[in-house]
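Scroll down for the structure; my scribbles are underneath it.
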Amino acid sequence: MIGLGIIGLGNVFEGPYRAELAPLIRDGRVVVEAVYDPAAEKRAFAAGLYGVADDLSSPDAVIKHPAVDIVLILTAMPAHGPLAEQALAAGKHVLVEKPMATDLTTAARLVQAALSAPGHLVPAPHVVLSPTFRSIHADLAAGRIGRPTLARARYGWAGPDWGRWFYQSGGGSLFDLGVYNVVSLCALLGPARRVTGMVGTAISERVVEGAPMAIEADDNAHVLIDFGNACFAVVTTGFTMQKYRTPAIELYGTEGTLQLLGDDWAPDGYEVWENSRDAWSVHPETNPTWRWTAGLAHLVEAIETEREPLIRPEHGYHALEIMLAAQEAGRTGTAVAITSPFPAVGYGDWPDVARDRRARHDPASA
Ligand SMILES: NC(=O)c1ccc[n+]([C@@H]2O[C@H](COP(=O)([O-])OP(=O)(O)OC[C@H]3O[C@@H](n4cnc5c(N)ncnc54)[C@H](O)[C@@H]3O)[C@@H](O)[C@H]2O)c1
């Protein structure tokens, strides 16, 4: 049984990660051993759920807890990097919400630590795990739409009315929302070479947690990414988007078009246009119950089966480099070179059981 420690017991703990944990606990694969949040009522609530101490006095007490194997970091963004570093140094596995750090120096130390530490480091988002994303990735690799030349991705909403840190320095819509698109596009198109864009604050004052606040962080962005060979993508993101009915990701290739519907963190199937067929094919969502928190079950499975997780720290670093470059480009009006490498997503070690099963029944879906 794998011991879990949770640091940060706010919104994403209370809803999504608690739901992700329930079957893992029910099936006897995970036991929650320690929880911490500076807010005593949140600590008491989580401690009551799992029958653990409600009086731990710091994140360190979770990290150093002898029965904790995985540290789940769900705090405000600026705390992610330092806590992940401490947990890796203590020999623990780490799942850290996005972004894995808010500066490249810390992120580089994390990547290095993950290479030598006994524990895995799994940085959110977990988009590459969804069955729909895997199918798109396979279709693209098989040349179903030819060579990709253009892509558009978007994710946004009106913005949280909780967590003032979302709008303070070290927060912002690019780190919170655009990160999904950036990670998705890089998984599909490979490492970026160059970034430019417009990143700024469109709404300078908001009411958050019932009180007005001046907004410091970006809430609005168009980010242009050059993937080399004249393959260009744009990410549209912000706490400025009330609703939309457009695809999350549009991929344009020399032989066709592929569109992921829904959001990349909550896919709703996909559509493909192929010149060779002169037709669209519609691929309905195969697993509507897939959750964006799936990285936790994935990390548990990686530990149980002694495999490397699909989600790599180098990918998280690359996404952070792109987002910081976009912020710099927004300030200076320049294009910024991107230099970090990251390995292609290694689905080979993680067979897609659902896709294999579909292929047996319908060879056209292979
Ligand atoms: N809210 C969402 O829909 C959503 C979705 C996906 C990912 N995320 C990510 O999950 C993380 C948490 O988001 P949230 O919406 O739950 O925020 P939240 O503000 O509701 O919760 C964050 C919690 O972390 C605690 N905290 C802050 N600093 C801490 C520290 N140093 N040590 C321990 N605890 C600390 C706070 O007291 C708070 O309870 C963020 O990184 C966010 O980007 C959020």
Side-chain angles (χ1 to χ4, degrees), residues 5-21 34-47 49 54-65 68 71-87 94-102 106-107 122-127 129-130 155-184 206 208-211 213 217-219 237-239 241 263-266 290-296 311 316 319-320 323:
I6 311 171
I7 305 176
L9 303 166
N11 262 279
V12 292
F13 161 69
E14 211 179 309
Y17 274 99
R18 201 175 130 202
E20 181 71 30
L21 262 171
V35 295
Y36 177 74
D37 192 291
E41 72 284 1
K42 295 183 185 175
R43 248 183 2 249
F45 174 71
L49 281 177
D54 67 359
D55 59 354
L56 296 190
S57 58
S58 71
D60 212 39
V62 173
I63 290 169
K64 299 240 171 85
H65 194 292
V68 166
V71 177
L72 176 59
I73 300 171
L74 307 178
T75 64
M77 297 177 199
H80 291 174
L83 290 173
E85 224 178 332
Q86 283 173 41
V94 177
L95 189 155
V96 59
E97 257 306 329
K98 37 70 181 175
M100 66 196 240
T102 55
T106 308
V122 171
H126 317 304
V127 280
L129 298 177
S130 89
Y155 174 35
W157 70 299
D161 60 6
W162 70 93
R164 294 171 80 83
W165 57 268
F166 278 106
Y167 300 106
Q168 290 161 344
S169 172
S173 61
L174 200 47
F175 283 179
D176 189 46
L177 309 178
V179 64
Y180 290 91
N181 294 162
V182 171
V183 166
S184 293
R206 291 176 185 251
V208 183
E209 288 169 3
M213 74 177 284
D218 63 84
D219 68 357
T237 192
F239 295 135
M241 300 167 75
D263 282 302
D264 48 4
W265 58 273
W290 184 82
R291 284 190 288 255
W292 58 263
T293 48
L296 182 58
I311 299 171
L320 181 64
M323 294 189 293

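Counting starts at 1 for both ligands and their atoms, following the listed order.
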State whether a side-chain donor-acceptor pair under 3.5 Å links S173 with D219.
no
Would you confirm whether Y167, through its side chain, and P160, through its main-chain N or O, come within 3.5 Å as a donor-acceptor pair?
yes
Hey, is ligand 1 close enough to H80 that some N/O pair sits below 3.5 Å?
yes
Protein contact to atom 27 (C) of ligand 1 [nearest heavy atom, distance to 0.1 Å]
A76 N, 3.8 Å
Number the atoms of ligand 1 from 1 as they appear, then name those within less than 4.0 Å of a heavy atom of K42, with their elements.
38 (C), 39 (O)
What residue and atom, counting heavy atoms only, is the protein's closest point to atom 15 (O) of ligand 1, and at what distance?
W162 NE1, 3.0 Å
Table please: side-chain donor-acceptor pairs of residues 6-16 below 3.5 Å, with sequence neighbours left out.
none

Taking the six-membered ring for Trp and the single ring otherwise, decide whether the centroids of Y155 and W265 are under 6.0 Å apart.
yes
Could you work out, with side chain to side chain contact (heavy atoms under 4.5 Å, CB included) as the rule, every residue matching W165, not counting sequence neighbours?
A76, M77, Q168
Ignoring hydrogens and geometry, is there a side-chain-to-backbone donor-acceptor pair from R18 to A46 under 3.5 Å?
no
Name the option, out of P38, A79, G15, that contains the heavy atom nearest to atom 34 (N) of ligand 1.
P38
Is the closest heavy-atom distance from Y180 to ligand 1 below 4.0 Å?
yes
Hey, is the main chain of G163 close enough, under 3.5 Å, to the side chain of E209 for a donor-acceptor pair?
yes
Within a distance under 4.0 Å of any heavy atom of Y36, pick out the atoms of ligand 1 and give their elements.
33 (C)
Proximal candidate to atom 20 (O) of ligand 1 [heavy atom criterion; set V179, L9, D176, N11]:
N11
Distance check, rounded to the nearest 0.5 Å: D54 atom CG versus L49 atom CG?
12.0 Å
Among protein heavy atoms, which sits nearest to atom 22 (C) of ligand 1, and what does the distance come to when rounded to 0.1 Å?
L74 O, 3.7 Å
Evaluate T75 for polar contact with ligand 1, using N/O atom pairs at a separation under 3.5 Å.
yes
Within this structure, what is the CG-CZ distance for the pair L129 and R291, rounded to the nearest 0.5 Å?
13.0 Å
If you measure from each heavy atom of F175 to ligand 1, is any distance below 4.0 Å?
no
Thinking salt bridges, do D161 and R206 make one under a 4.0 Å N-O criterion?
no
Please could you name the atoms of ligand 1 that G8 approaches to less than 4.0 Å, counting only its heavy atoms?
24 (O), 34 (N)
Atom 17 (O) of ligand 1 has as its nearest protein heavy atom W165 CZ2, 3.2 Å
Can you check whether V12 has an N/O within less than 3.5 Å of an N/O in ligand 1?
yes
Rounded to the nearest 0.5 Å, what's the gap from CG on L320 to NZ on K98? Could you check?
13.0 Å
Provide, to 0.1 Å, the distance between atom 21 (O) of ligand 1 and the closest protein heavy atom, together with that atom's residue and name.
G10 CA, 3.3 Å
re atom 39 (O) of ligand 1, the protein heavy-atom contact at minimum distance is D37 OD2, 2.5 Å
Could you tell me if any non-hydrogen atom of W292 lies under 4.0 Å from any atom of ligand 1?
yes
If you measure from CD on Q86 to CD1 on I73, what distance do you get to the nearest 0.5 Å?
8.5 Å
Any donor-acceptor pair under 3.5 Å linking the side chain of H65 with the backbone of G5?
no
Under 4.0 Å between heavy atoms, the region of F166 that gets near ligand 1 turns out to be side chain
Short list, please: which atoms of ligand 1 are under 4.0 Å from a heavy atom of P59?
32 (N)
Heavy-atom pairs closer than 4.0 Å: do any link ligand 1 to the side chain of A39, the backbone, both, or neither?
neither
Which option wins on minimum heavy-atom distance to atom 10 (O) of ligand 1: E209, H126, E97?
E97
List ligand 1 atoms under 4.0 Å from I7, heavy atoms only on the residue side.
32 (N), 33 (C)
